[in-house]
There are 2 protein chains.
Amino acid sequence: MANESAAKIIATLRQQGVRITTARRAVIAALVHTDGHVTAEDIATAVQADAPEIHLSTVYRTLESLEELGVVDHVHLGHGSAVYHLAANRHQHLVCENCKKVIHLPHGLVDKLARDIDARYHFTLRPHHFALIGLCEDCRET
Amino acid sequence: MANESAAKIIATLRQQGVRITTARRAVIAALVHTDGHVTAEDIATAVQADAPEIHLSTVYRTLESLEELGVVDHVHLGHGSAVYHLAANRHQHLVCENCKKVIHLPHGLVDKLARDIDARYHFTLRPHHFALIGLCEDCRET
DNA sequence: ATCTTTGCAAACTTTTTGCACCAAT
DNA sequence: ATTGGTGCAAAAAGTTTGCAAAGAT
C-alpha cells in the first residue's frame, strides 16, 4: 500500500511546475493523514483548524489540480458529496445504502468483471472511480 | 424484458391505495415511453408538453413514491442528475467518463461479483443502483 | 367530507466561477 | 516582474420542503 508521503507529493508537484502554497501543503497534509474517503468539506474543516483563511473553494480547486496530476481520485459514493483519497491508496468501496457504512475492498476483486467488460464491450472499467452500492449484513435483514 | 404497461402500473398503485392524479399518470406515461435513463428534468419537460402546470417538484415527489412502491429505480451515473427508469427494465449502466456515453448491460453480468461479495463480506450488492464508470472504445485511446 | 397530492416559492446542499488582490517563482 | 493561486461573494445545478389551495376517494 505504498503510502506516499506529503514530501514526495510536493516534490512531484514542484517537478510539474506547480506552485507550492500554504493551501496546497495543508490539503495534501490532510489527505495524507486521513487515509480514506473524505469530502471536500472534511478537508476544509481539517485545514481550517490551522489556517482558517483557507477557503472551501480553494480546497475544491486544489483537489481538482491534484486529480489532474494523478495524485488524488474522487469517488461518488451515491448520495451527497464526492469523497477524495490519494491515488496511491486505490481501493474499492462497498457502501450500504441504508446505514451509509463504507467497507474497503482489495482492488483486485473486480478484475474479472473488468476483463469481461473489456472483452465484450471494448470498455475499460475504472473500478476505483465508483462505489458498489448495496445492503450490509446488519441492514439487509429488514 | 416484461415491459410493464402504464395501465398495469396504475392498477398496482390503485391497489396500494395511492391516488391516481393527472401528474402521476403523466409521469408514468413518460417513463413507459422513454424506456431508459431519464432525469427528473427530462420527465418534467416531457410531461409539460401536455400539461405545463405540472411542476418539477411534483415529478420528484411522484418518482419518490413510485420508487418506494418498487415501480421505479434511480441510478447515479456519476456527475449531474440521477436518472430514473422502470424497475421492470432493470439493467446495468456503463458510463464513459470522458464522453458520457451510456452503454446498457444485461443485468446478469455482475452476478458473479455479487456472489463473491456476498460470500466474503456478507454484503448484498444492488448492482442496478450504480453505474460502472470507465472509458469507452473511442475515448480510451487518448 | 376527508385527507392526499399539487403548485409554487423558497430553502438547501454541493460545486463552480468571476474578479481583484496576493504571493511563489 | 510575471503569472498562477487565493479569498470572497455570488451563481449554478440538483433536490427538498412548507404551506395553502385543489382534487381523488
Side-chain angles (χ1 to χ4, degrees), chain A residues 9-30 37-45 47-48 50-69 71-84 97 100 131, chain B residues 9-30 37-45 47-48 50-69 71-84 97 100 131:
Chain A
I9 293 171
I10 288 172
T12 308
L13 298 197
R14 225 188 271 281
Q15 213 171 305
Q16 310 267 341
V18 174
R19 292 185 185 179
I20 308 303
T21 63
T22 313
R24 301 231 240 243
R25 256 183 236 282
V27 169
I28 291 164
H37 27 78
V38 273
T39 63
E41 189 101 41
D42 292 338
I43 294 175
T45 304
V47 150
Q48 285 165 359
D50 270 8
E53 79 282 0
I54 294 178
H55 201 273
L56 178 57
S57 69
T58 301
V59 172
Y60 273 109
R61 283 190 277 224
T62 300
L63 289 168
E64 194 182 12
S65 309
L66 292 176
E67 194 149 12
E68 266 162 31
L69 296 167
V71 175
V72 318
D73 281 333
H74 82 275
V75 185
H76 296 274
L77 294 190
H79 298 273
S81 321
V83 299
Y84 297 78
E97 66 185 354
K100 316 299 179 201
Chain B
I9 293 172
I10 288 172
T12 308
L13 298 197
R14 225 187 270 280
Q15 213 171 307
Q16 309 269 341
V18 172
R19 292 187 184 177
I20 308 304
T21 63
T22 313
R24 300 231 238 246
R25 257 183 236 281
V27 169
I28 291 165
H37 26 80
V38 274
T39 64
E41 189 101 38
D42 291 339
I43 294 175
T45 304
V47 151
Q48 285 165 0
D50 269 8
E53 78 282 2
I54 293 178
H55 202 271
L56 179 56
S57 68
T58 300
V59 173
Y60 275 109
R61 283 191 277 224
T62 300
L63 289 168
E64 194 182 12
S65 309
L66 292 176
E67 194 148 13
E68 267 161 32
L69 295 168
V71 175
V72 319
D73 282 333
H74 82 274
V75 184
H76 297 273
L77 294 190
H79 297 271
S81 322
V83 298
Y84 297 78
E97 66 186 356
K100 315 299 177 200

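Residue numbers begin at 1 in each chain, while the letters A, B, ... track the order of the sequences. It should be emphasised that the depicted structure is a prediction, and the values quoted were computed from it without experimental measurement.
- Contact check, B:Arg24 against C:dT5: a side-chain N or O comes under 4.0 Å of OP1 or OP2.
- Heavy atoms of B:Ala40 sit nowhere under 4.0 angstrom from any nucleic acid atom.
- Picking from C:dT15, D:dT25, D:dT15 the nucleotide with the shortest atom distance to the side chain of B:Arg14 gives D:dT25.
- Considering CG of A:Leu66 and CG of A:Leu13, their distance stands at 6.0 Å, rounded to 0.5 Å.
- Using a 4.0 Å heavy-atom distance criterion, B:Leu56 is classed as a base contact.
- Between the CZ atom of A:Arg25 and the C1' atom of D:dG5 there is a distance of 14 Å, rounded to whole Å.
- Residue A:Ala131 comes nearest to A:Val75 through the heavy atom pair N-CG1, 3.9 Å, listed as atom of the first residue, atom of the second, then distance.
- The heavy-atom pair separating A:Thr39 from A:Ser81 by the smallest distance is CG2-CB, 3.8 Å.
- The shortest heavy-atom contact between A:Leu56 and A:Gln48 is N-NE2, 4.2 Å.
- Contact check, A:Tyr60 against C:dT15: a side-chain N or O comes under 4.0 Å of OP1 or OP2.
- Going from atom NE2 of A:His55 over to atom P of D:dA9 covers 7 Å, rounded to whole Å.
- Toward the 5' end of DNA chain D, the nearer of the two residues A:Thr62 and B:Val18, judged by each one's closest nucleotide, is A:Thr62.
- Residues B:Arg19 and B:Ala23 each lie close to DNA chain C; by heavy-atom proximity, the contact nearer the 5' end of the strand is made by B:Arg19.
- Between the CD1 atom of A:Ile20 and the P atom of D:dT3 there is a distance of 19 Å, given to the nearest Å.
- Taking atom CG of residue A:Asp42 and atom C1' of nucleotide C:dT14, one finds them 13 Å apart after rounding to whole Å.
- For A:Arg61 against D:dG4, no side-chain N or O and base N or O form a donor-acceptor pair under 3.5 Å.
- Residue contacts for B:Glu41: at a heavy-atom cut-off of 4.0 Å it reaches no nucleic acid atom on any strand shown.
- Where B:Thr22 and B:Ser81 meet DNA chain D, the nucleotide closest to each residue was compared, and B:Ser81 sits on the side nearer the 5' end.
- Going from atom CG of B:Leu13 over to atom P of D:dT25 covers 11 Å, rounded to whole Å.
- In this entry the distance linking CD of B:Gln15 with P of D:dT25 reads 14 Å, nearest Å.
- Distance check: B:Thr58 OG1 to B:Glu53 CD gives 9.5 Å after rounding to the nearest 0.5 Å.
- Of all heavy-atom pairs spanning A:Val72 and A:Leu63, the tightest one is CG2-O, 3.8 Å.
- Within the nucleic acid shown, B:Thr39 has no heavy atom closer than 4.0 Å to any nucleic acid atom.
- In this structure, the CD1 atom of B:Ile10 is 15 Å from the P atom of C:dT5, given to the nearest Å.
- Taking only side-chain nitrogens and oxygens, B:Thr21 comes nearer than 4.0 Å to OP1 or OP2 of C:dT6.
- Between D:dT16 and B:Ser57, no contact under 4.0 Å exists linking OP1 or OP2 to a side-chain N or O.
- Here the C1' atom of nucleotide D:dT6 and the CD atom of A:Glu53 are 10 Å apart, to the nearest Å.
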